[in-house]
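Below: the structure, in structure tokens.
Below, chain A is the first sequence line, B the second, and so on; all start at residue 1. Given the structure is predicted, the values throughout are model-derived calculations rather than measurements.
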Amino acid sequence: MLQVSYIRENREEVLNRLAVKNFIRPELIDQIITLDEERRFVQNQMDTTAAESNALAKQIGDLMRQGKKAEAESVKANTAGLKDQIRDLGSKLTELEEKLQSQLIILPNLPHQSVPKGFGPEENEVVLEYGQIPQLPDNALPHWDLAAKYDIIDFELGNKIAGAGFPVYKGKGAKLQRALINYFLDKAGEEAYREIQPPIVVNEASGFGTGQLPDKEGQMYHIGIDNLYLIPTAEVPVTNLYRDVIVKEEELPIRNCAYTPCFRREAGSYGAHVRGLNRLHQFDKVELVQIAHPDESYKILEEMSTYVQGLLKELGLPYRVLSLCGGDMSFTSSKTYDMEVWCAAQARWLEVSSVSNFENYQANRLKLRFKGAEGKPQLAHTLNGSALALPRILASLLENNQTEKGISIPEVLIPYTGFNLID
RNA sequence: GGAGAGAUGCCUGAGUGGCCGAAAGGAUCAGUUUGCUAAACUGACGUACUGGCAACGGUACCGAGGGUUCGAAUCCCUCUCUCUCCGCCA
């Protein structure tokens, strides 16, 4: 959520930057500014009236203590009108605040200056490409066929147990998953990320804090009886660890990582592009979450991007990095890099990581602030990135590394898998 | 699922109608003293909104929301959450 004070003081800039996200609603911005003015006016009126009433109440108290009952009664007579006034002003204020809030929540985050303008994925900027695109023989198989051939992932069994989008990993497939999780967590640990095991269900307040609620309600699985949501990403619980928290400035940056299963309803899209592991209702992911000083957050965004690329290099996967254009970026993000990995048999790029700086947009919702030795608390910046999402990594490993003998396992994973070939 | 207890500032914890934005202790920070460490002493030490160039003010906040009252942390109602014991269970 953007801060009203910022909108008020930087109207033009806000309009221009929102336009990069194709959000062009000057009338909404002006309405917000007007509402804010009204709000402050009403608040002032209420405060002065309350001050008056407090003073009288105090006077009555003093008179009562001195035993001057008659005088106290006469002062009492003056308070009657004030009470009603305060009540009226109060409800007006609440009304204005709610209206203001409901409009503020419609505004997406401001994109960073470096974010390219654009409407969709075609206009994302390719920042770099790395690695050799493997040349596969003509009889190369997509990963869903490989999964069946080597009996390592069973989509049919998943259908039986839960439904489409809930695969069952078996044997070396399950082991490879576990190897990837451990490898990712160990690497993050080496980079001084603290490992967290959060709940994988969250309450409403947490969903609101990171921006999933109220608008993206349909994307999460909801446990009605307890009013809890299955997390779509570890970002939700791990970032919410710091909801309503004021951290010490010298503690920044705070680096946490977590492995969790992630659940996404993503209802309604089926077909070749979402076949196999390409899009699932449940998948595993290791997530990095950082809380940063505003002066440092963009440096940290680059570091996170570099870190994720390092993982892909070690796994030997050809990848490219995209800087998302305004139109393709999420509602809450200021700048996002997507890492896409080449899937050789499908002959397409698949997103395996998304690294974002939210600046203070989430922090404002979360009330996540930091405070130095001097001065007032200020909103921190939050960042997160997948490092990495497993299914598409798996898909790419299977497709790119297929040989006549079987699927070869990257060097770095062998200590974790205990085998070097899936056959 | 059954029974009970509770929710106060960074923490512990006092406070049952006005003198309470809130005692006391601890923690933290600054200063004084001491040969260092430690200790002792002194002072500072919530958040939000708002007025003001500032100094400095105003208002609100003692789990949340309502109510009683001139006046509520304190009384009443509703809700949420936490803890303890029993039951069930990995």
*asked:* Measuring only the C1' atom in each nucleotide, how far is rU80(B) from rG43(B)? A whole number of Å is fine.
replied: 41 Å

I'd like a table of donor-acceptor pairs (distance under 3.5 Å, sequence neighbours excluded) in which one partner is a side-chain atom from residues 25-33 of chain A, with atom names and distances.
| unit_1 | atom_1 | unit_2 | atom_2 | d |
| --- | --- | --- | --- | --- |
| R25(A) | NE | E27(A) | OE2 | 2.9 |
| D30(A) | OD1 | R11(A) | NE | 2.5 |
| D30(A) | OD1 | R11(A) | NH2 | 3.2 |
| D30(A) | OD2 | R11(A) | NH2 | 3.1 |

Correct closest heavy-atom pair for S323(A) and K335(A) would be OG-NZ, 3.6 Å

When rounded to whole Å, the CD to P distance for the pair E204(A) and rC79(B) reads 17 Å

CG (L277(A)) and OG (S396(A)) are apart, to the nearest 0.5 Å, by 11.0 Å

Integer angstrom distance from the C1' of rA60(B) to that of rA73(B) = 14 Å

Salt bridge check, K367(A) against D244(A): does any charged N sit closer than 4.0 Å to a carboxylate O? no

Atom OH of Y6(A) and atom P of rC49(B) are separated, to the nearest Å, by 17 Å

Worksheet item: If you measure from the P atom in rA40(B) to the same atom in rC79(B), how many Å do you get, rounded?
Response: 50 Å

- Query: Do E359(A) and H381(A) have a side chain donor and acceptor closer than 3.5 Å?
  - Reply: no

Of D36(A) and P377(A), the one whose nearest nucleotide on RNA chain B sits closer to the 5' end is P377(A)

Relative to the ring of Y221(A), is the ring of F263(A) parallel (under 30°), tilted (30 to 60°) or perpendicular (over 60°)? perpendicular

Q45(A) CD to rA60(B) P, in whole Å, measures 16 Å

Point to revise | Between rA44(B) and rG26(B) - P atom distance, rounded Å | key: 16 Å

Output side-chain donor-acceptor pairs under 3.5 Å for residues 81-91 of chain A, partner residues at least two apart or in another chain, one line each.
| unit_1 | atom_1 | unit_2 | atom_2 | d |
| --- | --- | --- | --- | --- |
| S91(A) | OG | R87(A) | O | 3.4 |
| S91(A) | OG | D88(A) | O | 3.0 |

Please tabulate the protein-to-nucleotide N/O contacts below 3.5 Å involving nucleotides 56-59 of chain B, giving atom names and distances.
| unit_1 | atom_1 | unit_2 | atom_2 | d |
| --- | --- | --- | --- | --- |
| rG58(B) | N2 | D47(A) | OD2 | 2.9 |
| rU59(B) | OP1 | N54(A) | ND2 | 3.4 |
| rU59(B) | O2' | D47(A) | OD1 | 3.0 |

Sorted by chain and residue number, the side chain to side chain donor-acceptor pair (under 3.5 Å) partners of S53(A) (sequence neighbours excluded) come out as none

Contact check, residues 359-371 of chain A vs RNA chain B, heavy-atom distance under 4.0 Å, returns R369(A), K371(A)

The complete set of side chain to side chain donor-acceptor pair (under 3.5 Å) pairs with one or both residues in residues 247-262 of chain A, sequence neighbours excluded, reads R194(A)-N256(A), Y242(A)-N256(A), E249(A)-H293(A), Y259(A)-D284(A)

In whole angstroms, the gap separating C1' of rC49(B) from CZ of R39(A) amounts to 6 Å

In whole angstroms, the gap separating C1' of rC11(B) from CD1 of I246(A) amounts to 16 Å

Taking pairs as Watson-Crick (N1-N3 plus N6-O4 or O6-N4) or G-U wobble (N1-O2 and O6-N3), each distance under 3.5 Å, the stems of three or more consecutive pairs with RNA chain B are B:1-7 with B:80-86, B:10-12 with B:24-26, B:28-32 with B:40-44, B:46-51 with B:56-61, B:63-67 with B:75-79

| query | Between Y361(A) and F331(A), what is the ring plane arrangement, given parallel below 30°, perpendicular above 60°, and tilted in between? | reply | perpendicular

Contacts of Q197(A) meeting side chain to side chain donor-acceptor pair (under 3.5 Å) (sequence neighbours excluded), chain-then-number -> none

Discussion item. In whole Å, measure the gap between the C1' atoms of rG87(B) and rG1(B) for me.
Written reply: 7 Å

K376(A) NZ to rG46(B) C1', in whole Å, measures 13 Å

To the nearest angstrom, the CG-C1' distance between L63(A) and rC19(B) comes to 15 Å

**Message:** Taking rC19(B) as the reference, what is the distance to rG71(B) when you measure between their P atoms (whole Å, please)?
**Reply:** 14 Å

From CD of Q3(A) across to C1' of rA48(B) the rounded distance in Å is 13 Å

S297(A) and L383(A) have their tightest heavy-atom pair at O-CD2, 3.4 Å

Quick note, side chain to side chain donor-acceptor pair (under 3.5 Å) partners involving residues 224-237 of chain A, not counting sequence neighbours, are E204(A)-N227(A), E217(A)-Y229(A), H222(A)-N227(A), T233(A)-K285(A), E235(A)-Q362(A), E235(A)-N384(A)

Sequence neighbours excluded, the answer for side chain to side chain donor-acceptor pair (under 3.5 Å) partners of K172(A) is none

On RNA chain B, more 5' by nearest nucleotide between D62(A) and R40(A) is D62(A)

Would you measure the distance from the C1' atom in rG21(B) across to the matching atom in rU59(B) and give it in whole Å? 13 Å

Applying salt bridge (Lys or Arg N to Asp or Glu O under 4.0 Å) to D186(A) and not counting sequence neighbours gives none

Q: For rU8(B) and rG25(B), measure between their C1' atoms and round to the nearest Å.
A: 16 Å

What pairs of nitrogen or oxygen atoms, one from the protein and one from nucleotides 70-72 of chain B, lie under 3.5 Å apart?
none

